Asker: 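Sharing a structure here in structure tokens format.
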Amino acid sequence: QDLLSRLSLATAGERNAEVLGREVRAVPAFQDQRVRRALSLAIDRASLRQADNGFPTGPVGPAHPADALPPDDLNAHALFQYRPEEAAQLLRAAGHEGLAFTVVHPDLPAMLPMVKAVGESLTRAGFAPRMQSMAFGAWQMTLAAGDFEATLVELTNLETPDLGLRLHQSGGLDGRFSPWGYSNPLYDAAVLEALRQFDPAARAQKSREAQRLLLDDVPAMLPIYAPSEAISIARGVTGYAADAYEFNTGYLARDWAAPA
């Protein structure tokens, strides 16, 4: 199973234009927490996971079980419930009923079923999404520049738990800016506190505390699920390593084993 990737829906508010000092596509309504919450409640994660044999995920994915929020906590969290009626009520309360925006996504065939399902879910909840396919290279540039209204993204190679935390910081991974325009100084401080820990148990505790704070604030990048992959191993094989595959990077090789 490859749990080092995560499917997410990211939204961009007007803050990116302020930070970058240039025009980028954005939807100011996404600065309203009620709108972001409505977006999350509109997504039927359980159905999407079932269709793709996926796993619940928070900001730190299940490949890092010590640092990740437990699946039961994620399934019970208010942000991850499927409540389209409540989503529609939140939109109306925020004055954004029928909010129209473009959701860009890479033109990868494997993503098309999820693109269709997410678009239909958002529509049922009172949004008016325009799902726009882009060539993978062009889509990568829009993501890196923070130049989008919303985007569906599969984050890959999240090989350490700190990457999942740092993605949501005000400066993003490289310290310059957050591609989705999210900024929460309290969360930034909580991440730094987690990264300062030398004791793995203390780091894991601080990591979970930071993630709970982030989810309570309704992040601009909303996790959907962690997809899975599988391989077949012949009976009698007691160890397996294949560096050519991204899903089996060096430290995972020890986990591929079958009883003799």
Side-chain angles (χ1 to χ4, degrees), residues 5-16 24-59 74-75 77-136 138-139 142-143 146-155 179-182 215 217-227:
S5 60
R6 189 173 70 237
L7 287 159
S8 303
L9 175 64
T11 63
E14 59 188 343
R15 177 179 170 270
N16 267 356
V24 291
R25 284 168 287 186
V27 178
F30 288 140
Q31 291 289 323
D32 190 326
Q33 187 189 94
R34 293 170 297 179
V35 176
R36 300 197 306 272
R37 186 177 298 276
L39 204 66
S40 190
L41 295 178
I43 301 172
D44 188 354
R45 290 174 174 80
S47 177
L48 289 169
R49 286 202 309 267
Q50 185 176 13
D52 202 17
N53 192 29
F55 300 83
T57 184
L74 293 170
N75 288 330
H77 196 283
L79 193 64
F80 293 153
Q81 306 308 304
Y82 177 49
R83 295 174 180 165
E85 296 84 4
E86 184 178 337
Q89 292 172 3
L90 283 167
L91 271 186
R92 284 194 294 271
H96 293 294
E97 188 173 9
L99 179 65
F101 60 98
T102 299
V103 184
V104 297
H105 62 88
D107 59 353
L108 301 175
M111 286 194 72
L112 295 182
M114 188 188 71
V115 170
K116 182 176 183 292
V118 169
E120 292 173 348
S121 292
L122 296 179
T123 300
R124 284 194 295 270
F127 292 95
R130 299 179 296 268
M131 314 304 283
Q132 179 183 343
S133 176
M134 300 181 70
F136 186 73
W139 172 82
T142 68
L143 180 65
D147 188 13
F148 55 85
E149 295 181 348
T151 185
L152 279 167
V153 55
E154 180 176 1
L155 299 162
W180 22 91
Y182 179 73
L215 294 181
D217 194 39
V218 191
M221 185 179 71
L222 298 162
I224 298 179
Y225 66 91

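Only a predicted model underlies this, so the values are computations on that prediction, with no experimental measurement involved. In this chain, numbering begins with 1 at the start of the sequence shown.
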Asker: Look at the side chain of S40 and the backbone N and O of L79, then say whether any donor-acceptor pair between them is shorter than 3.5 Å.
Answerer: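 Looks like yes, one N/O pair under 3.5 Å.
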
Asker: Any chance CD of Q33 has more than 12 other-residue heavy atoms, nucleotides or ligands included, within less than 6.0 Å?
Answerer: yes

Asker: Pair up each side-chain donor or acceptor in residues 86-105 with any protein partner under 3.5 Å, not counting sequence neighbours, and list the distances.
Answerer:
| unit_1 | atom_1 | unit_2 | atom_2 | d |
| --- | --- | --- | --- | --- |
| T102 | OG1 | R130 | NE | 3.1 |
| T102 | OG1 | R130 | NH2 | 3.1 |

Asker: Side chain to side chain contact (heavy atoms under 4.5 Å, CB included) for I224 and L152? Distances and angles first, verdict last.
Answerer: CA-CA 10 Å; I224 298 179; L152 279 167; 3.9 Å; yes

Asker: Let's go through M114 and D52 carefully: what are the C-alpha distance in whole Å and the side-chain angles of both, what is the deciding distance for side chain to side chain contact (heavy atoms under 4.5 Å, CB included) to 0.1 Å, and is it a yes or a no?
Answerer: CA-CA 9 Å; M114 188 188 71; D52 202 17; over 6 Å; no

Asker: Taking all atoms of both residues into account, what is the closest heavy-atom pair of S8 and M221, and its distance?
Answerer: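 Looking at all heavy atoms of both residues, the shortest contact is CB-CG, 3.8 Å.
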
Asker: For T11 and A220, indicate whether the former's side chain and the latter's backbone hold a donor-acceptor pair under 3.5 Å.
Answerer: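 Confirmed, T11 side chain pairs with A220 backbone.
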
Asker: Which heavy atom in P28 sits nearest to a heavy atom in A26, and how many Å separate them?
Answerer: CD-O, 3.8 Å

Asker: Can you list every salt bridge (Lys or Arg N to Asp or Glu O under 4.0 Å) pair that touches residues 35-48, not counting sequence neighbours?
Answerer: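 Pairs touching residues 35-48 that pass the test: none.
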
Asker: In the structure I gave you, are the side-chain heavy atoms of Y182 and V218 within less than 4.5 Å of one another anywhere?
Answerer: no

Asker: Show your reasoning for whether side chain to side chain contact (heavy atoms under 4.5 Å, CB included) applies to W139 and V153.
Answerer: CA-CA 10 Å; W139 172 82; V153 55; 3.5 Å; yes

Asker: Just to verify, what does D32 make a salt bridge (Lys or Arg N to Asp or Glu O under 4.0 Å) with, not counting sequence neighbours?
Answerer: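 If we apply the salt bridge (Lys or Arg N to Asp or Glu O under 4.0 Å) test to D32, skipping adjacent residues, the hits are R34.
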
Asker: Specify the closest pair of heavy atoms between F80 and L215, including all atoms of both residues, with the distance to one decimal.
Answerer: CZ-CD2, 4.0 Å

Asker: Could you list all the salt bridge (Lys or Arg N to Asp or Glu O under 4.0 Å) pairs where at least one residue sits in residues 115-127, not counting sequence neighbours?
Answerer: K116-E120

Asker: Would you say that T142 contacts T151 through its side chain, given a criterion of any heavy-atom pair below 4.5 Å between the two side chains?
Answerer: no

Asker: Considering only heavy atoms from C-beta outward, does the side chain of L143 approach that of W180 to under 4.5 Å?
Answerer: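 When only atoms from C-beta onward are counted, W180 and L143 do touch, with a gap below 4.5 Å.
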
Asker: Could you tell me which non-hydrogen atom of P129 sits nearest to which non-hydrogen atom of G119, and how far apart they are?
Answerer: CG-O, 3.7 Å

Asker: What is the minimum heavy-atom distance between L48 and A117, and which atoms define it?
Answerer: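 Scanning both residues, the minimum pair turns out to be CD2-CB, 3.5 Å.
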
Asker: Might you point out which heavy atoms bring Q81 and N75 nearest each other, and give the distance in Å?
Answerer: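 Q81 and N75 have their closest heavy atoms at NE2-O, 2.7 Å.
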
